[in-house]
Amino acid sequence: MALHVPKAPGFAQMLKEGAKHFSGLEEAVYRNIQACKELAQTTRTAYGPNGMNKMVINHLEKLFVTNDAATILRELEVQHPAAKMIVMASHMQEQEVGDGTNFVLVFAGALLELAEELLRIGLSVSEVIEGYEIACRKAHEILPDLVCCSAKNLRDIDEYSSLLHTSVMSKQYGNEAFLAKLIAQACVSIFPDSGHFNVDNIRVCKILGSGIHSSSVLHGMVFKKETEGDVTSVKDAKIAVYSCPFDGMITETKGTVLIKTAEELMNFSKGEENLMDAQVKAIADSGANVIVTGGKVADMALHYANKYNIMLVRLNSKWDLRRLCKTVGATALPRLTTPVLKEMGHCDSVYLSEVGDTQVVVFKHEKEDGAISTIVLRGSTDNLMDDIERAVDDGVNTFKVLTRDKRLVPGGGATEIELAKQITSYGETCPGLEQYAIKKFAEAFEAIPRALAENSGVKANEVISKLYAVHQEGNKNVGFDIEAEVPAVKDMLEAGILDTYLGKYWAIKLATNAAITVLRVDQIIMAKPAGGPKPPSGKKDWDDDQND
Amino acid sequence: MMPTPVILLKEGTDSSQGIPQLVSNITACQVIAEAVRTTLGPRGMDKLIVDGRGKATISNDGATILKLLDVVHPAAKTLVDIAKSQDAEVGDGTTSVTLLAAEFLKQVKPYVEEGLHPQIIIRAFRTATQLAVNKIKEIAVTVKKEDKVEQRKLLEKCAMTALSSKLISQQKAFFAKMVVDAVIMLDDLLQLKMIGIKKVQGGALEESQLVAGVAFKKTFSYAGFEMQPKKYNNPMIALLNVELELKAEKDNAEIRVHTVEACGGSIQTSVNALSADVLGHCQVFEETQIGGERYNFFTGCPKAKTCTIILRGGAEQFMEETERSLHDAIMIVRRAIKNDSVVAGGGAIEMELSKYLRDYSRTIPGKQQLLIGAYAKALEIIPRQLCDNAGFDATNILNKLRARHAQGGLWYGVDINNEDIADNFEAFVWEPAMVRINALTAASEAACLIVSVDETIKNPRSTVEAPPAAGRGRGRGRPH
């Protein structure tokens with residue numbers, strides 16, 4: 001023990017060396033708010049149809065070009081603990097609704113920014129929180145009154161595609177009409193009577209080349225695979241699905257075969273061949289003309305499959321296999337047994353096709369009654385297709401939300417301004433100090449039309465004052481007009497710009513919760529990162545370990 | 001109290017944003033285009049690229065060059081991607097697509113700097129592309145498929161146009177015929193892999209030949225093969241997946257597939273139970289000497305749906321480039337068979353689209369007018385670059401072209417041979433319309449993508465793959 005450096009008195013004394021500790025308004029709360037504000041600033045410019053894309057290069061050097069807040073945040077690896085909470089809120093929104101992640105961020109950022117002002121003028125944290133909670137409850141009370149219409153017919157493609165416009169528009173401005181139609185077609189065709197819609201049943205297959213407008217929807221599945229055998233096209237296919245390799249059976253235990261003469265050796269291999277022959281023949285006799293297998297295909301088995309004119313497709317992914325089973329209505333067999341009629345799937349045609357220069361195997365239903373439909377996306381770059389896929393994802397999620405709750409609220413900032421207006425007037429009726437917080441909560445809603453306007457290069461203050469003016473006259477559905485190049489407003493219901501009620505509901509709830517959680521924190525204690533031994537830098541030690 | 005900065009992201013994260021970022025992205029893309037600019041057209045020059053392992057490649061194929069350049073700039077990578085996409089979709093026109101995308105960006109750069117909102121640019125570009133594609137579809141000339149002679153002529157013309165910009169342009173007539181022969185031999189699926197290309201060093205280019213069947217380098221024979229006859233007429237062929245021995249070993253799979261396609265047998269995995277219907281059949285099996293190699297030929301096959309091109313030539317790089325050129329030509333011919341409408345090359349279609357869009361832009365008000373005008377101007381890069389590469393006075397020729405197109409000369413383009421303009425449709429400089437449509441869509445999609453980005457955030461590259469946990473645990477538990 002050489003020199004003992006005496007530690008500073010107080011809290012730090014109790015901690016291990018290297019631990020960080022912040023407390024109080026200045027050190028903890030403001031810093032947390034600052035971090036969240038910065039984060040919101042990053043995604044704010046990506047909000048809305050006129051939002052800009054971000055190029056994010058993640059730690060694996062993969063490039064993302066997107067304006068999807070959830071993706072940006074996922075790849076950003078946010079480290080600040082407070083900012084992480086907001087990120088979590090946005091993830092929650094992604095899971096709950098699948099769309100509107102950016103709304104959560106922008107709104108939570110605005111709430112915190114305004115909270116800082118309140119704290120600086122001397123309100124206590126708990127008063128701000130209380131005010132925000134009251135306001136949030138009020139917002140949820142008001143929200144049902146703002147519903148302007150609801151989806152009528154869940155099976156009408158045209159109606160749906162117009163409802164999907166808004167969510168697709170914010171990702172792929174300019175292509176929304178085309179994409180929304182694709183998504184609506186895909187969704188409506190597989191929407192079961194039971195009303196339970198599974199997002200997983202819409203598959204996306206991305207193939208490089210051509211342009212977005214060559215994308216298409218088909219009922220069934222598309223795999224980027226080649227067929228194994230000679231048969232490349234089968235009409236009216238009976239499909240046997242095996243989760244095991246298409247190969248001869250190997251016994252579980254080790255056995256030894258004693259072979260004494262050359263004749264026995266020949267008979268041995270011949271016997272194997274005959275067995276295989278019989279097996280494949282039995283499958284062929286059962287009526288199956290397509291075999292899908294999850295494992296590898298033995299040369300011998302392939303030979304007999306060719307001989308009996310059976311198409312052979314190999315799928316590596318267990319999930320793909322499961323989905324295919326669902327599409328064609330087959331049961332995956334774990335052993336190479338002869339399928340009975342019930343276990344076989346059916347599909348109108350199975351064929352090998354070339355899209356661009358990619359070979360794909362298509363399982364297609366002619367009628368629109370399949371359980372799974374696939375959107376084949378075309379695009380000139382991988383990044384672009386990834387981004388379109390995210391837009392499709394949002395669109396499909398919107399559909400799902402609509403199947404749960406058909407109510408819709410006007411978009412384009414109309415709902416937000418109306419909420420702001422009503423909450424402000426509500427706030428004025430409150431006697432206590434929380435009045436300030438409630439009014440600030442209302443003000444935070446302005447961040448949404450503000451972001452829309454700023455991203456379109458329009459003066460935000462002018463837009464907001466115009467919106468307030470119109471709403472004061474009782475036009476609840478008027479929002480910011482994106483298309484106009486000057487600050488202008490128009491009726492969102494007429495323009496068909498509608499958001500889902502559930503999306504808004506959850507976004508407001510989650511954003512408020514996240515903001516409140518961040519505000520509640522008044523101390524940050526960070527233990528010294530454990531780290532453990534550093535990854536070996538030199539090669540030497542590591543090799544030693546490996547050798548002994 | 002120490003005002004430490006708030007650390008939001010991981011240490012080492014690099015982020016840049018705003019208009020300067022956008023402009024720098026555009027600049028990066030222009031640098032990339034600079035690299036392939038001079039390769040466009042019949043008078044384009046080739047590039048010699050030496051990769052990390054010291055392997056030299058000579059090429060003037062845009063996609064090949066960009067692939068080898070190993071671009072790391074994230075925005076510029078997009079251009080590499082569209083070149084790849086064009087390669088995948090049509091196989092040719094990769095240089096054009098890169099040039100077009102870069103030129104689109106160059107034309108909008110001043111508007112971006114002036115603060116025009118990128119979304120407006122994107123909107124205008126999408127409209128312009130849609131219009132241009134419709135226009136191509138409208139004016140493209142369709143050649144009837146039923147007329148085999150006509151169709152063949154069309155295919156050869158398209159192949160010749162594709163080849164004229166390549167290293168082997170001197171022999172373009174020779175190779176165009178060969179390529180068309182090869183593609184016509186295929187079945188309806190037109191699978192590219194059914195055309196084998198073998199390279200044998202030595203000899204002249206003209207000694208290259210097309211084999212209607214399968215040819216491959218003799219791989220391996222058992223002792224005693226010298227005694228075997230070198231030629232069989234009307235042989236029956238058994239195709240085995242196993243060696244003619246009891247020991248099983250894999251054969252060369254590619255050759256097998258080809259032979260099956262050609263001779264109409266099916267692959268046998270077992271030597272037992274050979275029957276007549278699984279045996280293949282062809283007219284002649286022959287073993288001959290080509291250059292320094294012995295080659296096996298299966299020719300005169302009744303169900304031939306495959307063929308092999310044997311390339312001869314001097315240097316290895318030269319033959320590789322020839323192979324790439326033939327690949328482009330084959331892809332073009334396949335495209336032309338699937339879509340039988342053609343347009344005139346040599347900058348003619350671009351000039352016509354440029355004129356059409358310029359005229360259209362004058363009919364609309366607002367910023368869109370300027371932007372569609374910029375798009376129209378950008379299209380002129382193709383004839384301009386053709387002239388530049390040939391050493392012509394581009395301004396002069398472009399003026400002539402503009403004038404002629406204004407007077408209704410639909411198919412007037414650059415005449416490379418006479419330093420003038422000519423009706424390229426009459427001159428048989430034909431390209432499948434599909435190539436141009438795809439090039440325009442891809443280029444404008446890429447330009448839109450790059451313009452729509454205003455921020456780049458780069459995470460630090462994660463350190464070398466973390467060693468597997470199990471290994472480390474074991475290492476630590478070891479007594480020292």
(Q) Can you confirm whether the side chains of B:Asp81 and A:Thr381 place a donor and an acceptor under 3.5 Å from each other? (A) no
Check each atom of [X] against the heavy atoms of chain A and say whether the ones under 4.5 Å are side chain, backbone, both or neither.
| X | value |
| --- | --- |
| B:Ala439 | neither |
| B:Asp454 | both |
| B:Gln21 | neither |
| B:Val72 | neither |

Q) What distance do A:Asn53 atom CG and B:Gln119 atom CD have between them, rounded to the nearest 0.5 Å? A) 7.5 Å
Q: Against chain B, label A:Ile207 side chain, backbone, both or neither, depending on which of its atoms sit under 4.5 Å from a heavy atom there.
A: neither
Q.
Is A:Leu208 close to chain B through its backbone or its side chain, or both, or neither, when contacts mean heavy atoms under 4.5 Å?
A. both
Determine whether [X] and [Y] make a side-chain contact, defined as any pair of heavy atoms from C-beta on separated by less than 4.5 Å.
| X | Y | value |
| --- | --- | --- |
| B:Lys77 | A:Met55 | no |
| A:Ile57 | B:Ile457 | no |
| A:Met52 | B:Ser452 | no |
| B:Thr78 | A:Val65 | no |
| B:Glu455 | A:Thr42 | yes |

Q) side chain to side chain donor-acceptor pair (under 3.5 Å) with A:Asn50: which residues, sequence neighbours excluded? A) A:Ser456
Q | Selection from B:Leu116, B:Thr129, B:Asn438 maximising heavy-atom pairs under 4.5 Å formed with chain A | A | B:Asn438
**Q.** Selection from B:Asp87, B:Thr441, B:Val133, B:Ile82 maximising heavy-atom pairs under 4.5 Å formed with chain A
**A.** B:Ile82
**Q.** Closest non-hydrogen atom pair, B:Glu445 against A:Ser380
**A.** OE1-OG, 2.8 Å
Q: Mind listing the closest non-hydrogen atom pair of A:Gly379 and B:Ser85 along with its distance?
A: O-OG, 4.4 Å
Q) In terms of heavy-atom pairs under 4.5 Å with chain B, which of A:Ile212, A:Asn67, A:Asp382 leads? A) A:Ile212
